Protein chains: 4
Amino acid sequence: MRNERKNSIRRNIIDTASRLFYEQGYGNTGINQIIEESGVVKSSLYTAFRTKEEILMAYLETAGAATDEALKTAANKHTKAKDKVLGVFDFLIELVQQKDYYGCNFLNIISEVPKDAAVVRRQIKKQKDGVRRLFAEILTPIQKEDLADEIYVLFEGALIGNKVHDDTWPVTAAREVVNKLL
Amino acid sequence: MRNERKNSIRRNIIDTASRLFYEQGYGNTGINQIIEESGVVKSSLYTAFRTKEEILMAYLETAGAATDEALKTAANKHTKAKDKVLGVFDFLIELVQQKDYYGCNFLNIISEVPKDAAVVRRQIKKQKDGVRRLFAEILTPIQKEDLADEIYVLFEGALIGNKVHDDTWPVTAAREVVNKLL
Amino acid sequence: MRNERKNSIRRNIIDTASRLFYEQGYGNTGINQIIEESGVVKSSLYTAFRTKEEILMAYLETAGAATDEALKTAANKHTKAKDKVLGVFDFLIELVQQKDYYGCNFLNIISEVPKDAAVVRRQIKKQKDGVRRLFAEILTPIQKEDLADEIYVLFEGALIGNKVHDDTWPVTAAREVVNKLL
Amino acid sequence: MRNERKNSIRRNIIDTASRLFYEQGYGNTGINQIIEESGVVKSSLYTAFRTKEEILMAYLETAGAATDEALKTAANKHTKAKDKVLGVFDFLIELVQQKDYYGCNFLNIISEVPKDAAVVRRQIKKQKDGVRRLFAEILTPIQKEDLADEIYVLFEGALIGNKVHDDTWPVTAAREVVNKLL
DNA sequence: TATGAATGAGCGTTCATTCAT
DNA sequence: TATGAATGAACGCTCATTCAT
């Protein structure tokens, strides 16, 4: 019961903050907006999290786990290595066309965190290293793991290109290069 | 006389703001810091620029022109199309290793501007369209302009990958893919 | 006209803050109370003063000048050195009996400023050094300036004793010792 | 068992709070810091003490008993009345030179307690009345008890003078006056 | 009794912008 | 046109205390 309540507060904050951080950005989201939209009192928020940055970390971890899962699922729809990789890019193509898609959770954050927020940067790097590893794991069976990072660079180019141009073509272009590479 | 002064004020603000926006980010840089470090008084700043966003626009335009120039110069060091393209990536490799390099000016900004700042987003898109066009112009003579956008996606992947991992390898990996593609 | 307004804001803040700092203490007085009772808007206050501590400094300087003046006046009512010194203690006796007297401005502050507020402590020390100097200057003509610090210690004992016991007797006792010493 | 635990909690809180109140001041020490550094959970603290002020009272009483003891010990090192009194000031001279000395426990507090904290002020007065009584008791055998309060004022002047000037000379000066008086 | 969770009020400070001259 | 002064709203965070279990 106690934990339920604590968790409900934490969850509530993380859920609200996640939505706001994602839609508006970290800097453009104030603690006050988080408490208003979550209904959690300010001091309770600061009992659950010591700083705004800690909320950001929770957001990154939550979104990170979901992203890992989604990418793996997309890959595992296929059996052959090349299809798995292409499956990831197919997933991206669908993803970026969703109307509530505002770009990659992690790339959105990385440019607006202050210099001294090394923990945040490290977490994002860690998340992205997971994607590199995913590609490497898929490609190892066909002895093409040395292509993992090249494909990863295309993955990032697809995401940020979509953000800049607000269009699907960067993802499609990246997929096409992957298709040629493998 | 007046115009000189006005222009010197504008330049002064743009120079200072550019440095700060680039090093700290747009949101992490306050108007007060800009006036302190530029020596321009606050109301003069607001005579020269109507909003903070206008200063941002001036920064993007200034940095954009310089970037265009630098990329063209890097390409024009070579004569053959493929070499020109690779020359651009070679330039990136050197660029990201400079100690005062904090990432791509434009990708740094795009994620932290508020939703309603369509002008800013449009400007960044325009800037990046210039890069696509550059690749297309280089590749047209050898009838490979349809690869321009694929190479552009690698260009962006290189930049943002460098930002995330704080390392040169994403740029090198992107260059390698370009080498294979052409 | 401009300066009038600026000064009126500064003066207004200093006056209000002085009263509140003196009556309630520095820590027990919030910026919000200062702005409410002075009528000055919060951001105007922070244009005039960079920090709360700066307001404290202005208070100490203002009160310090007034105190210096009052002590000198009290001393100069007399011509003989001993009478001058006793005059200072007579002034104290009257002072501490005033109904709006809450103790020495400076001793009130010294114990509640944080460790790192060295500027504040230095200012208080400087103020008190002025009192020591006053006694020394009075006593030099009769070649008793070596007693200045002993009398100064009695001066402080009188003030803090009055604060602790909320009574005039510590001042009277100090005066009596001075009478014996000279 | 329960009482042991309760007492250990009380002692723990008092010890931690005493250290913090003394080193940082009452206002500059928050309940949160006390619970963090004592390891006692917040609600247990509020079971043992009803308010922060009650903790302050416990601190004053504890420190008061220790101070009484120390002063008596210092006096009883001697047999003659004058020596006893001078012994107290000798003790002060050593005391204020200790590196973890931050001023008189009681004078440190008196200026920063809110107006309405009459209990606290009364306790401090009571503590200091004990010092006056000590001097009186020492001086009664030699029929000089009428000097007790004059010596007490010097005692306070020594302490607060040391606080202001961060130096031993005020204590030495006070001792010298005592020497002359007796 | 003991406690983990929750509270509302307030902290000092900074934001981008506008006004009066 | 240029400027020093002024603005209201919001910032992230901490306070001493109380509640439900």
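Per chain, numbering begins at 1; letters A, B, ... match sequence-line order. Only heavy atoms go into these numbers, but all of them, side chains included; no hydrogens, no water, no symmetry mates. Just so it is clear, the structure is predicted and the values come from calculations on it, not from any experiment.
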For this session: Go ahead and name the base partner of F:dT21; Watson-Crick or wobble counts if both distances stay under 3.5 Å, otherwise write none.
Result: E:dA2
Exercise. Given that A:Val41 and B:Gly27 both sit by DNA chain E, which one's nearest nucleotide is further toward the 5' end?
Worked result: A:Val41
Seminar exercise, completed: B:Leu45 CG to F:dG4 P, in whole Å, measures 13 Å
Seminar exercise, completed: By nearest-heavy-atom nucleotide on DNA chain F, the more 5' of B:Ser43 and A:Tyr26 is B:Ser43
Problem set entry | B:Tyr26 and B:Tyr59, any side-chain heavy atoms less than 4.5 Å apart | no
For this session: Check whether any side-chain N or O of D:Asn108 sits under 3.5 Å from a backbone N or O of D:Tyr102 as a donor-acceptor pair, and report yes or no.
Result: yes
Problem set entry | Any side-chain heavy-atom pair of B:Glu53 and B:Val113 under 4.5 Å | no
Exercise. Taking atom P of E:dA9 as reference, at what distance in whole Å does atom CD1 of A:Ile35 sit?
Worked result: 12 Å
For this session: Name the closest nucleotide to the B:Tyr46 side chain, picking from E:dG10, E:dA16, F:dT17.
Result: E:dA16
For this session: Check whether any side-chain heavy atom of D:Thr51 lies under 4.5 Å from a side-chain heavy atom of D:Glu54, and answer yes or no.
Result: yes
For this session: Hey, which sits more toward the 5' end of DNA chain E by its nearest nucleotide, D:Lys42 or B:Ile31?
Result: D:Lys42
Exercise. Whole Å only: how far is the CD atom of B:Glu53 from the C1' atom of E:dA16?
Worked result: 12 Å
Exercise. For D:Leu20 and F:dA16, what is the distance between atoms CG and P respectively, to the nearest whole Å?
Worked result: 12 Å
Problem set entry | Spacing of A:Phe21 atom CZ relative to F:dG12 atom C1', expressed in whole Å | 12 Å
Exercise. Cation over ring, B:Lys163 on B:Tyr101, under 6.0 Å and within 45°?
Worked result: no
Problem set entry | Phosphate contact (F:dC11 OP1 or OP2) by A:Asn32 side-chain N/O below 4.0 Å | yes
For this session: Measure the distance from CZ on C:Arg10 to C1' on F:dG4 and round it to the nearest whole Å.
Result: 15 Å
Exercise. Starting at the 5' end of DNA chain F and moving along, which residue's nearest nucleotide shows up first, A:Thr29 or B:Ser44?
Worked result: B:Ser44
Seminar exercise, completed: Rounded to whole Å, CG of A:Asn12 lies from P of E:dT7 at a distance of 11 Å
Exercise. CD1 of B:Ile13 versus C1' of F:dA2: gap in Å, rounded?
Worked result: 12 Å
